[in-house]
Amino acid sequence: MNKKQKTNLIRIIVTAILLIGLYLLLLTELVFPEGTINPWIERLVFLVPYGIIAYDILWKSVKGISKGQIFDENFLMGIASLGAFIMGECVEGVAVVLFYQVGELFESYAIGKSRKNISELMDITEDVAYVVEDGEVVKTDSDEVEIGTIIEVKPGDKIPLDGVIVEGTSVLDTAALTGESKPIDVKTGDTVLSGSINMSSVIRLETTAEFDESTASKILELVENASSKKSKSENFISKFAKYYTPIVCGLALVLAIVPPLISGLILGDGYTFATWVYRALTFLVISCPCALVISVPLSFFAGIGGASSKGVMIKGSNYLEMLSMVDTVLFDKTGTLTKGNFTVTKAYSLVDGSSDPARQGSVSLLKYASSAEYYSNHPIGLSLVNAYAKVKVNEDSSDNSVGAGEMTLDDAKAFLIKPENVENVSGKGIIADVEGKKIAVGNMPLMESTVNDKGSIKKAEEIGTIVYVSIDGTFAGYIVINDEIKEESYDAIADLYKAGVKDAGILTGDEEAIAMDIAEKIGLSKVRAKLLPQDKVQAVEDEINSGSKVAFVGDGINDAPVLMRADVGVAMGALGSDAAIEASDIVLMDDDPRKVSLSIRIARKCMRIVYENIYFSIGIKFIVLILGALGIATMWMAIFADVGVMILAVLNAVRCLRIK
């Protein structure tokens, strides 16, 4: 506990001891035999424990009245407890405030518990960077470091800015970003994110973002803005408390005045004002809306805090509430369900009639195709470059599989032949001269325009991205390229269905055959392929118009429009584009699609707890309010209806922090 919580705990203990001691003295009649103590002396004696426990409540009530904010829980507690003293119910007057302070302590502790994850997250930024200048390491403020600067990070230090490692290898702790405790190995050429902790060796990196645009700073901005975006449930509770408290104060006043006037003056049945004032005070204590006003926002706060500890950043409780209602989840393909690492899986070559990449014909086909793509930055072209380099490295080895190697792009290009007269044919591919041969690399329309004998063109039957190749006007073969499915994607879709999602689907700009193949492998129920960004938006609108609550998961710049249009937009944060992260409502920090189902489970658990607290709090208060008005409920029952219910609701809300 913090200092304030410890102080309040001491006040509670001291007050409880004094209250019990004074009550026992009166009960046993050892010091004051029955009827010998002056009632006002008794009140003065009990004012000691009352002053210890209630001074801050009374002061807050006075400040609230001075600011025009009269009807709050401090006002209700103050009026009810002071009224009890005036009525001679000193023990109950102290007990009301004592148990209220116990509830406040529970609330404070619960909020502190839920804030723990947030506060740990707030500590992920590093204000100092060590810049390398002319061989010297200079200490500099992180917000003054420009993009492209070389900085050094020592073991145990946080990485202050996003960047690419240019020197050294190490192990990073990314738990603050991803929620995963498993360290990751990094080496030269790898991208590292601010907020990660360097664990083993000194590394140097070239910064790729300024401090305000770094990953850690953006995460903090998401968290800081989350509390301003309230859910419908929170807004309802705020409005409820705004009108509810003045109404019950008015009803309590009516209860204190009208019934005794009717019963005493008109009916003459002997009921006194004291009886009805006591009932009115009991009514006030019962009516205090603490359980609702505290537990509902706390449930959302705990839910957002618990999610952040698992690497799921939720931008506001309104998105948490909407996520709980989602029944359809649609995914982008590349980088979301797949790794985004295109790999050559087959090379069908007519150079020597072989489709075995270990043989010279396929190697030659790869050589010409990859060399033609020498200057390309397209993922397909880069996959060809890596594939040929890998084959050349392994051509003396027994393992001659075609695939992306561990080498850098510059290392891979060292195996290629620089092309000449490179021509980019829009929407079709590339034509270039390699070793004096006219090489065409691209799709089927490019082959139909460059191959002399159209009948010799063999259309690929394999599923994947097909790159056709012609040499000097002769069809030379084709290369099959596939994007690898993430291992996590299989469990991600299964988990969604277990979480109660009705449909999971894929929206992609890729070919339908590729999309269908992925959908069949991982268990998706909906497939829409060959979509432009505006088509994805239309696909989501179609689902929404059919009555579905839709979440869309994506990572690219082209996903930003559909992320904004979906009921809930989920961005893959670590590798996702800035545009996608800005447009989304929820950010997954480690690009693990399994976190989508986790997010939904968190949201549904949180909303279940919110409704439990609402129904429980209102139900108990309604019952005890009626009993209080009828004179059946005592002040002790009122204390339970207020403080007891609040404590139970707060403890229930804290369950949102426990994320499996």
Side-chain angles (χ1 to χ4, degrees), residues 1-27 32 37 39-66 69-112 245 249 252 277-278 280-291 293-295 633-651:
M1 293 189 291
N2 58 37
K3 185 177 179 180
K4 183 178 179 181
Q5 290 170 337
K6 290 177 181 178
T7 301
N8 287 339
L9 179 60
I10 293 171
R11 290 170 59 203
I12 289 169
I13 294 172
V14 170
T15 302
I17 293 172
L18 288 174
L19 180 63
I20 294 171
L22 291 173
Y23 178 72
L24 290 176
L25 285 176
L26 292 176
L27 189 66
F32 301 104
I37 185 172
W40 291 104
I41 298 297
E42 181 181 345
R43 290 182 177 90
L44 287 174
V45 171
F46 275 96
L47 276 177
V48 175
Y50 180 77
I52 294 173
I53 200 67
Y55 73 85
D56 55 337
I57 292 175
L58 297 176
W59 177 240
K60 289 176 184 177
S61 180
V62 171
K63 288 202 298 184
I65 293 172
S66 66
Q69 300 171 351
I70 301 174
F71 300 107
D72 60 9
E73 62 268 21
N74 295 304
F75 175 78
L76 293 179
M77 283 294 111
I79 292 295
S81 59
L82 289 174
F85 262 83
I86 294 171
M87 299 296 298
E89 303 292 345
C90 301
V91 174
E92 293 176 345
V94 177
V96 166
V97 185
L98 175 63
F99 285 105
Y100 176 76
Q101 292 285 30
V102 171
E104 288 286 295
L105 183 63
F106 268 90
E107 176 207 350
S108 176
Y109 182 76
I111 290 176
T245 307
C249 286
V277 168
Y278 180 81
L281 293 173
T282 303
F283 188 89
L284 278 179
V285 174
I286 298 167
S287 65
C288 189
C290 302
V293 174
I294 292 169
S295 67
T634 65
M635 188 69 76
W636 294 105
M637 291 178 67
I639 291 170
F640 170 75
D642 175 41
V643 180
V645 170
M646 179 179 72
I647 292 173
L648 292 175
V650 166
L651 291 175

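Below, all heavy atoms of this structure are taken into account, side chains as well, without hydrogens, waters or symmetry copies. Numbering of residues begins at 1 and proceeds along the displayed sequence.
- Of the candidates Asn8, Asp56, Thr15, Asp56 is the only one forming a side chain to side chain donor-acceptor pair (under 3.5 Å) with Gln101.
- With rounding to the nearest 0.5 Å, the separation of CG in Leu105 from NZ in Lys6 is 12.5 Å.
- A side chain to side chain contact (heavy atoms under 4.5 Å, CB included) with Leu19 is found for exactly one of Ile52, Leu98, Ile53, namely Leu98.
- With values rounded to the nearest 0.5 angstrom, Ile13 atom CD1 is found 4.0 Å from Leu9 atom CG.
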Worked verdict on Ile57 versus Ser61 for side chain to side chain contact (heavy atoms under 4.5 Å, CB included): CA-CA 6 Å; Ile57 292 175; Ser61 180; 5.5 Å; no
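- Annotation for Phe46 and Val94: closest pair O-CG2, 3.7 Å, computed over non-hydrogen atoms.
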